[in-house]
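Order of the sequence lines sets the chain letters (A, B, ...), proteins ahead of strands, with each chain counted from 1. What's counted below: heavy atoms across the whole structure, side chains too, no hydrogens, waters or symmetry copies.
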2 protein chains.
Amino acid sequence: MTESTKISKKVIERLSEYRTALDEQSAGEQRNIFSHELARLCGVTAAQVRRDLMSIGFSGSSAKGYDINELKQTVSDFLGFGEERRVVLVGIGHLGRALLDFFVNRHPKLVVCAGFDVNEMRINRVIHGVRCYAVSEMERVVAENRAQVGIITVPESAAQETAERLVEAGVTGVLNFAPVQLRVPGHVFVENLNISTVLEKVAYFAGLNADRERVTK
Amino acid sequence: MTESTKISKKVIERLSEYRTALDEQSAGEQRNIFSHELARLCGVTAAQVRRDLMSIGFSGSSAKGYDINELKQTVSDFLGFGEERRVVLVGIGHLGRALLDFFVNRHPKLVVCAGFDVNEMRINRVIHGVRCYAVSEMERVVAENRAQVGIITVPESAAQETAERLVEAGVTGVLNFAPVQLRVPGHVFVENLNISTVLEKVAYFAGLNADRERVTK
DNA sequence: TTAACGCTGTGAATTTTTTCACAGAAGTTT
DNA sequence: AAACTTCTGTGAAAAAATTCACAGCGTTAA
Ligand SMILES: NC(=O)c1ccc[n+]([C@@H]2O[C@H](COP(=O)([O-])OP(=O)(O)OC[C@H]3O[C@@H](n4cnc5c(N)ncnc54)[C@H](O)[C@@H]3O)[C@@H](O)[C@H]2O)c1
Ligand SMILES: NC(=O)c1ccc[n+]([C@@H]2O[C@H](COP(=O)([O-])OP(=O)(O)OC[C@H]3O[C@@H](n4cnc5c(N)ncnc54)[C@H](O)[C@@H]3O)[C@@H](O)[C@H]2O)c1
């Protein structure tokens, strides 16, 4: 094991955002960036940026700030983008297809290498550039591709069994869009992304704000 | 103002999850639920459930736990689902259509009442049951519907202007899927949901886990 | 050469979030 | 009716995340 101190989910998320922001900037001619500039791009504080970069041992100069290319490289390496990471997607429905369309050829290091579905209509076709298979082939295809990440966009009722199959096939990280709590072995990382929950949260605060406006006026 | 103490985003998110979990349970005949049961359904601790419910002033009985119906009602009311909340969606592309399909008639109190796009092909049509308009009609339609929430699924380059239009039209909460930091007035709540970031996070931890497995074995 | 500036890196303080741990309630058993 | 059991509600402790605040450095200006 190479790692010294464990780094939290929150920090990883922000590092990913820093990298994305820098990528978008990179068309520009700017070679360096200050913590407060990066902070503004990502909607966090300058101190937070410095802390996060400190936590991965990256440092800049007080006069110039951070070297953009070096920083991108360091963060990419840290996130494990030194080599391609393979991702598979299960459930090629509305959301699954949107994600395929979005990720294919978009990300340099995360490549969606296969899709799976139970629907005959989807099987053995290439959708948005990704070959789709029957779920019965999952074990083989995941292994052949050495895929570590699985995206679950199947109906809620099929999510648990899908997770189990993915784990069985060798996946160690799952991004789950179905609104269920998956039960997986301890060595598997699961992130549940429940879009309804997020929307309900937005609605709640939208309501508070609307009320406040009404009162204030 | 009615509110006593402010409740954090995290708590709101979990409350939403509790409600969802209970809804799914509700087919069952169980009338009461213990904190540890609800906790398990939602992947949190029992203490957390009790704390969260305490924070909205809901209490159960030590013998029976919480009354499911009462709890659903209380949480729903707290989240502002006493009345219908109107939502509009801008950018009827791949992701936008998936979301329309998903939310329409799915949520009892969050109703997507209109969609907007610049593409002629989408305008003045009904997609997944939702009427779609030209963005030039946003002000009128949002006002007529008293929509408080806007979902942004336009390309990154159009996200900021879309946000401004939405806010102008009266929206006080925005769920933004474009990977940019929106600048909005202080009375508007913005939640950025960057799916790439989430996937990168999953990939990172999947990598760690895969490494660990390899070492352990 | 000296002074001034604006930044980074980072202990320390603060705030936020989570967990602990237990008194007291309500039911059950003996 | 006493002894158990198992839960909730909640102070208090602990842990995690964020912010403060400033020494020290490289750069520029005079
Ligand atoms: N569409 C959205 O915007 C959205 C938003 C939030 C959450 N979700 C969640 O994402 C999931 C998918 O949503 P959707 O709208 O794309 O649904 P969908 O019905 O359009 O697609 C589901 C797909 O999964 C396939 N499928 C069913 N069982 C399967 C199995 N056992 N193995 C493999 N594939 C299987 C179906 O054939 C179908 O193609 C659901 O759990 C939903 O709750 C969707
Ligand atoms: N598809 C996904 O799974 C996915 C995942 C993560 C993030 N996103 C983000 O969501 C956004 C949309 O993604 P998509 O895949 O649906 O893209 P898309 O190109 O399929 O859809 C974009 C839609 O927005 C419309 N549009 C463009 N400019 C507009 C404007 N000014 N006003 C109103 N409508 C406008 C287009 O006509 C099109 O219908 C992008 O910002 C993308 O980065 C998408």
Side-chain angles (χ1 to χ4, degrees), chain A residues 3-18 22 30-72 74-75 78 181 191-192 197 201 204-205, chain B residues 3-18 22 30-72 74-75 78 181 191-192 197 201 204-205:
Chain A
E3 264 326 293
S4 38
T5 30
K6 227 185 92 219
I7 282 178
S8 74
K9 279 169 46 161
K10 289 253 184 93
V11 174
I12 296 297
E13 228 162 65
R14 283 193 301 264
L15 288 172
S16 161
E17 253 146 35
Y18 300 156
L22 291 176
Q30 201 180 351
R31 302 187 68 75
N32 295 276
I33 193 166
F34 291 123
S35 62
H36 66 266
E37 295 176 298
L38 186 50
R40 162 168 282 251
L41 287 175
C42 299
V44 300
T45 65
Q48 184 105 77
V49 168
R50 296 201 298 274
R51 255 283 164 244
D52 290 341
L53 298 188
M54 189 176 100
S55 78
I56 60 167
F58 186 80
S59 53
S61 97
S62 63
K64 301 281 201 155
Y66 303 98
D67 179 295
I68 291 183
N69 286 327
E70 240 178 71
L71 178 48
K72 281 203 290 196
T74 303
V75 174
F78 183 84
Q181 197 59 34
E191 179 76 13
N192 294 106
T197 294
K201 177 173 63 174
Y204 173 80
F205 287 105
Chain B
E3 265 325 295
S4 37
T5 29
K6 226 185 95 217
I7 283 178
S8 74
K9 278 169 48 161
K10 290 251 184 93
V11 174
I12 295 298
E13 228 162 63
R14 284 194 300 264
L15 288 172
S16 161
E17 253 145 35
Y18 301 156
L22 291 176
Q30 202 182 348
R31 303 187 66 77
N32 295 276
I33 193 166
F34 292 123
S35 61
H36 65 266
E37 295 177 298
L38 186 49
R40 161 168 284 253
L41 288 176
C42 300
V44 299
T45 65
Q48 184 106 76
V49 168
R50 296 202 297 275
R51 194 47 83 201
D52 290 341
L53 297 188
M54 189 178 101
S55 78
I56 60 166
F58 187 80
S59 52
S61 100
S62 63
K64 302 279 201 156
Y66 302 98
D67 179 295
I68 292 182
N69 286 328
E70 241 179 72
L71 178 48
K72 281 204 290 195
T74 303
V75 173
F78 183 83
Q181 197 59 34
E191 180 75 12
N192 294 106
T197 294
K201 177 173 63 177
Y204 173 81
F205 288 104

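Atom NZ of A:Lys10 is separated from atom P of C:dT15 by 17 Å (rounded to the nearest Å). The interatomic distance linking A:Asp67 (CG) with C:dT8 (P) rounds to 13 Å, in whole Å. Rounded to an integer number of Å, the gap from NZ of A:Lys9 to P of C:dT18 is 11 Å.
Every residue two or more places apart in sequence or in another chain that forms a side chain to side chain contact (heavy atoms under 4.5 Å, CB included) with B:Glu191 is listed here: A:Val198, A:Lys201, A:Val202, B:Lys9, B:Leu175, B:Phe189. Partners of B:Ser55 by side chain to side chain contact (heavy atoms under 4.5 Å, CB included), not counting sequence neighbours, listed by chain and number: B:Ile7, B:Val11. Residues meeting the side-chain hydrogen bond (donor to acceptor under 3.5 Å, both in side chains) test with A:Arg51, sequence neighbours left out: none. Judged as a side-chain hydrogen bond (donor to acceptor under 3.5 Å, both in side chains), and not counting sequence neighbours, A:Thr74 has no contacts. With sequence neighbours excluded, the residues forming a side-chain hydrogen bond (donor to acceptor under 3.5 Å, both in side chains) with A:Arg14 are A:Asp52, listed by chain and number.
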Using distance only, find each side-chain donor-acceptor pair of residues 56-66 of chain A under 3.5 Å and give its atom names and separation, not counting sequence neighbours.
from    : atom 1 : to      : atom 2 : distance (Å)
A:Ser61 : OG     : A:Ala63 : N      : 3.3
A:Ser61 : OG     : A:Lys64 : N      : 2.9

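Checking the phosphate oxygens (OP1, OP2) of C:dG6, no side-chain nitrogen or oxygen of A:Ser62 falls inside 4.0 Å.
Distance check: B:Gln48 CD to B:Arg50 CZ gives 11.0 Å after rounding to the nearest 0.5 Å. Here CG of A:Asn32 is found 9.0 Å from CD of A:Glu70. Values are rounded to the nearest 0.5 Å.
Residues from residues 36-55 of chain B that place a heavy atom under 4.0 Å from any atom of DNA chain D, listed by number: B:His36, B:Arg50, B:Arg51, B:Met54.
Note that the first and last nucleotides of DNA chain D, 5' to 3', having any atom under 4.0 angstrom from a heavy atom of chain B are D:dC7 to D:dA12.
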For nucleotides 27-30 of chain C, give me every protein contact, N/O to N/O, under 3.5 Å, one pair per line with atom names.
none

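For the pair A:Tyr18/A:Leu53, a side-chain contact is recorded, criterion being any heavy-atom separation below 4.5 Å from C-beta on.
Residues in residues 30-42 of chain B take part in no salt bridge (Lys or Arg N to Asp or Glu O under 4.0 Å) pair, two or more places apart or across chains.
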